[in-house]
Every structure is written in structure tokens, then in C-alpha cells.
Colleague: 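Below you'll find the structure I mean.
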Amino acid sequence: MPELADVEEYRRVLDRCGRGHRVTRVEVTDAGVLRGGLRARRLRDALTGARIGRPERHGKWLVLHTGGPAVLLHFGMTGQLVSAPADERPAAHDRVLFTLDDGRQLRFRDQRKLKGLWLAPTPGEVDRLLADQGPDALSLTREQLDAALGGRPRQLKAALLDQSRIAGLGNLLTDEVLWHARLHPAHRTDRLDRAATGRISRSLKQVLRISVRAGRVPPRGSWLTGHRDEPGGTCPRCGHALAHGRIAGRGTVWCPRDQPAPAG
DNA sequence: CACAGTGTTATCTG
DNA sequence: TCAGATAACACTGT
């Protein structure tokens, strides 16, 4: 699930349920999600008794601040942050449990364990862990978009997915933005005209605004996302059969009529 | 049983 | 040097 919109939802969970509360207990039920050499003992020592501050999101990263050390969370493909009563039995894939002073728990839940939790003892360490991230997609300016699409020629989808150019867009959001912008995902970035980049800019803003509000890429009937896994799925805009392929190393869906393949 | 999957990264190839 | 492809990570659902 976790692309920018999903991580934004986890930020809201952390803000609503965690902010202002003290951590009374930290349980690591699967140390496989601890990253950067972090051990359960060290996470426990750093967080127990700490008061949770205002969380931040950058791209697909979530930062849990305490005023002292910070915890950085990356959700990979299957991670979630959920709030539950502390006396409720943990789910099968709850890997780290933070019990709070109000009897609730924040739980890092993750099936595949592709990413996980990092501990940043100082603000400088937070910056170091996020250093290779490009500007956040949600507040991307037109100038930043142009810069992200500039430089060496690449496939458009590959450029939008590159977290060091734009942080936060994943496979679903990227396909959705390109479908709204009526641009083929394999379009070359060096052959985009001003009208095309303008459509990308507007589509990006609209898709993110609605997705962030929903806390996910909405599987609305009028969007591409709700149709990408349908066998024999058709474009919700023009009715043409959707195309499926592999572009930028990812499963990709587009409408061959609305998003014609670039020449050459 | 085979394979794909909402993410990232190391490594190989052309 | 670099864009692109591939495997790997670990696990589930089709």
C-alpha cells in the first residue's frame, strides 16, 4: 500500500494517537524490521519514557520525533502504522509495539519486512538518512518538476518513480498521474513539450490532493487504479481495453488510446 | 506449483 | 558513465 498518500495517513494516525503521549513500553516481536544496525534493546532504551512530538513525512518516510532521538519508518510494500488498544491481541505481522500512557498502542505492522525502523539519535542523523530524497511530491513546485524531468533522458515513468528526483510517488500514483495527463509511461523525458509538462503538473496536484484526502490511491470507478487488476479491464474514460506491460521494471497499466506510444 | 506484488538496492549488461 | 534489466529481500494471494 504505502505510497505518499498512505504514508500521509500513517502520519495522521501518529499525530492523532501518538502526539503528546509518553511511550511506556516498547516491544519488538520481530527484530527483522530493525535497520541500520539497530537492536531491540537500543530502541527500547531510546523510546521508553519519551514523549511523542509532531510527526513529519517526507516522500514515503515517516519521522517520529521525541525531542531527543527520532525513529524513521519506511513501510516498503506492505507496512502499516495502526493504533489499537494495548490489551488487544497483536495481529500476525505486528513487528514493533509502542505502548502509550493512555492504554493504546501504535503498531508497526508489516507482512514482507522489506523496510522497517531506523533510529536517529540526532537531527543531523535524520537529515543523513533522508539526504538522497528529492523534493516531496505534495509540495512540488513547477520549477522542481521541470528540474526532475530534466537532465539525462529517461523514460517518463522511471523519472517520476525516482525518489531522488521526486519523493513519494509509487507505482499506482505514477500510473494514475500519467493516465490523467494522457501521457504514455515510456515517453522520453527529453521529448516532453511545455504542454505535456503542464499536464503532468496539474495531474500530479489533482491526483495527490484526492489521494491524500482519502489516505490511499482511491479505487474510484472514474480513475485508472480501480481497473488495473480487472481481467479485460477497460479505460474508465474512453472504454478502450487497457494495456498491461512492464515499464521501468514495474507492472504498468495505461490506456493505449488516451496515452499513445511515443514515436520512435 | 508458478508467479506477481502499492519498494528499494546491489549488481550486471549493453 | 549511465539507463535499463535483474535478482534479492520475505511472504501472501491467485
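In what follows, chains carry the letters A, B, and so on, assigned in the order in which the sequence lines appear, proteins first and then strands, with residues in each chain numbered from 1.
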Colleague: Could you give the CG-to-P distance, from L172(A) to dA4(B), as a whole number of Å?
Modeller: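 So the CG-P distance, L172(A) to dA4(B), works out to 17 Å.
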Colleague: Please list, chain by chain and in numerical order, all residues satisfying salt bridge (Lys or Arg N to Asp or Glu O under 4.0 Å) with D175(A), sequence neighbours excluded.
Modeller: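 Applying salt bridge (Lys or Arg N to Asp or Glu O under 4.0 Å) to D175(A) gives K157(A), R228(A).
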Colleague: From CD of E3(A) over to C1' of dT8(B), roughly how many Å is that when rounded to an integer?
Modeller: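 Atom-to-atom, E3(A) to dT8(B), this comes out as 14 Å.
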Colleague: Can you tell which of dT6(B), dG5(B), dG7(B) lies closest to the side chain of R246(A)?
Modeller: dG5(B)
Colleague: Thinking salt bridges, do R95(A) and D110(A) make one under a 4.0 Å N-O criterion?
Modeller: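 A salt bridge is absent here (no side-chain N lies under 4.0 Å from a carboxylate O).
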Colleague: Which parts of residues 27-38 of chain A get close to DNA chain C, meaning a heavy atom less than 4.0 angstrom away?
Modeller: none
Colleague: Return the residues of residues 108-136 of chain A meeting this criterion: a heavy atom under 4.0 Å from some atom of DNA chain B. Order them by number, or give none.
Modeller: R112(A), L114(A), K115(A)
Colleague: Quick one: is dT6(B) close enough that its OP1 or OP2 comes under 4.0 Å of any side-chain N or O from K60(A)?
Modeller: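 Answer no for this pair, as no side-chain N or O of K60(A) is under 4.0 Å from OP1 or OP2.
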Colleague: Would you indicate whether R154(A), at its atom CZ, is surrounded by more than 12 heavy atoms from other residues, nucleotides or ligands within a distance under 6.0 Å?
Modeller: yes
Colleague: Pick the closest DNA chain B nucleotide for G251(A) and for W61(A) by heavy atoms, then say which residue is nearer the 5' end.
Modeller: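 Result of the comparison: G251(A).
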Colleague: Without decimals, in angstroms, what is the distance between I247(A) CD1 and dG5(B) P?
Modeller: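 Computing the I247(A):CD1 to dG5(B):P distance gives 13 Å.
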Colleague: In this structure, how many angstroms lie between the C1' atom of dT9(B) and the CG atom of L161(A), rounded?
Modeller: 15 Å
Colleague: How many Å lie between CG on L73(A) and P on dT8(B), as a whole number?
Modeller: 14 Å
Colleague: Please determine whether side chain to side chain contact (heavy atoms under 4.5 Å, CB included) holds for the pair W61(A) and W118(A), giving the CA-CA distance in whole Å, both sets of side-chain angles, and the decisive distance to 0.1 Å.
Modeller: CA-CA 11 Å; W61(A) 287 87; W118(A) 284 252; 3.6 Å; yes
Colleague: Considering residues at least two apart in sequence or located in another chain, which fulfil the side chain to side chain contact (heavy atoms under 4.5 Å, CB included) criterion with S203(A)?
Modeller: V177(A), H180(A), A181(A)
Colleague: Evaluate the salt bridge (charged side-chain N to carboxylate O under 4.0 Å, His left out) criterion for residues D6(A) and R216(A): first the C-alpha distance (whole Å), next the side-chain angles of each, then the deciding distance (0.1 Å), finally the verdict.
Modeller: CA-CA 5 Å; D6(A) 310 270; R216(A) 60 191 294 197; 5.9 Å; no
Colleague: Roughly how many Å apart are dT1(C) and dT8(B), using the P atom of each and rounding to a whole number?
Modeller: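 The answer is 25 Å between these two P atoms.
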Colleague: Given the C1' atoms of dA3(C) and dT6(B), what is the spacing between them in whole Å?
Modeller: 24 Å
Colleague: May I ask you to check whether D101(A) and T24(A) show a side-chain donor-acceptor distance below 3.5 Å?
Modeller: no
Colleague: Examine dT6(B): is either OP1 or OP2 under 4.0 Å from a nitrogen or oxygen in the side chain of R250(A)? Give yes or no.
Modeller: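 Yes, within the criterion.
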Colleague: Mind running side chain to side chain contact (heavy atoms under 4.5 Å, CB included) on R57(A) and L4(A) for me, showing each step along the way?
Modeller: CA-CA 9 Å; R57(A) 181 195 55 76; L4(A) 187 151; 3.4 Å; yes
Colleague: Salt bridge (Lys or Arg N to Asp or Glu O under 4.0 Å): which pairs involve residues 192-214 of chain A, sequence neighbours left out?
Modeller: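 Residue pairs with at least one partner in residues 192-214 of chain A: D146(A)-R194(A).
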Colleague: Restricting to nitrogen or oxygen on both sides, can you table the protein-nucleotides 12-14 of chain B pairs closer than 3.5 Å?
Modeller:
none

Colleague: Which pairs, with at least one residue in residues 32-51 of chain A and sequence neighbours excluded, count as a salt bridge (Lys or Arg N to Asp or Glu O under 4.0 Å)?
Modeller: R41(A)-D45(A)
Colleague: Should the pair R54(A)-D15(A) be classified as a salt bridge under the 4.0 Å nitrogen-to-oxygen rule?
Modeller: no
Colleague: Starting at the 5' end of DNA chain B, what dot-bracket string do you get if Watson-Crick and G-U pairs under 3.5 Å are bracketed, crossing pairs use [ ], other-strand pairs use | and unpaired bases use dots?
Modeller: .||||.||||||||
Colleague: Which residue pairs satisfy the salt bridge (Lys or Arg N to Asp or Glu O under 4.0 Å) criterion with at least one member in residues 68-89 of chain A, sequence neighbours excluded?
Modeller: none
Colleague: For residues 240-257 of chain A, which residue pairs qualify under salt bridge (Lys or Arg N to Asp or Glu O under 4.0 Å), counting only residues two or more places apart or in two chains?
Modeller: none
Colleague: Taking salt bridge (Lys or Arg N to Asp or Glu O under 4.0 Å) as the definition, give me every residue that meets it alongside R104(A), ordered by chain and number, with sequence neighbours left out.
Modeller: none
Colleague: Applying the salt bridge (charged side-chain N to carboxylate O under 4.0 Å, His left out) criterion to D30(A), which one of R107(A), R109(A), K113(A), R112(A) satisfies it?
Modeller: K113(A)
Colleague: What integer distance in Å separates W223(A):CH2 from dT6(B):C1'?
Modeller: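 Value for this atom pair: 14 Å.
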Colleague: Quick check for you: among dC11(C), dT8(B), dT6(B), whose closest atom lies nearest to any side-chain atom of R95(A)?
Modeller: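 Out of dC11(C), dT8(B), dT6(B), the nucleotide with an atom closest to R95(A)'s side chain is dC11(C).
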Colleague: Pairing donors with acceptors under 3.5 angstrom, does anything connect the side chains of E56(A) and H65(A)?
Modeller: yes
Colleague: Mind listing the N/O atom pairs, protein and nucleotides 2-4 of chain C, below 3.5 Å?
Modeller:
unit_1, atom_1, unit_2, atom_2, d
dG4(C), OP1, Q155(A), N, 3.4

Colleague: With a 4.0 Å limit, can you tell me whether H244(A) has a side-chain N or O closer than that to the phosphate oxygens OP1/OP2 of dA4(B)?
Modeller: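 No, no such contact exists.
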Colleague: Regarding T197(A) and R142(A), do their side chains bring together a donor and an acceptor under 3.5 Å, going by distance alone?
Modeller: yes
Colleague: In whole Å, I'd like the distance from the CG atom of D229(A) to the P atom of dT14(C).
Modeller: 11 Å
Colleague: Quick one: D162(A) CG to dT8(B) C1', roughly how many Å, whole number?
Modeller: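 After rounding, the gap between these two atoms is 11 Å.
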Colleague: Taking only side-chain nitrogens and oxygens of H93(A), does any of them come within less than 4.0 Å of OP1 or OP2 of dC11(C)?
Modeller: no
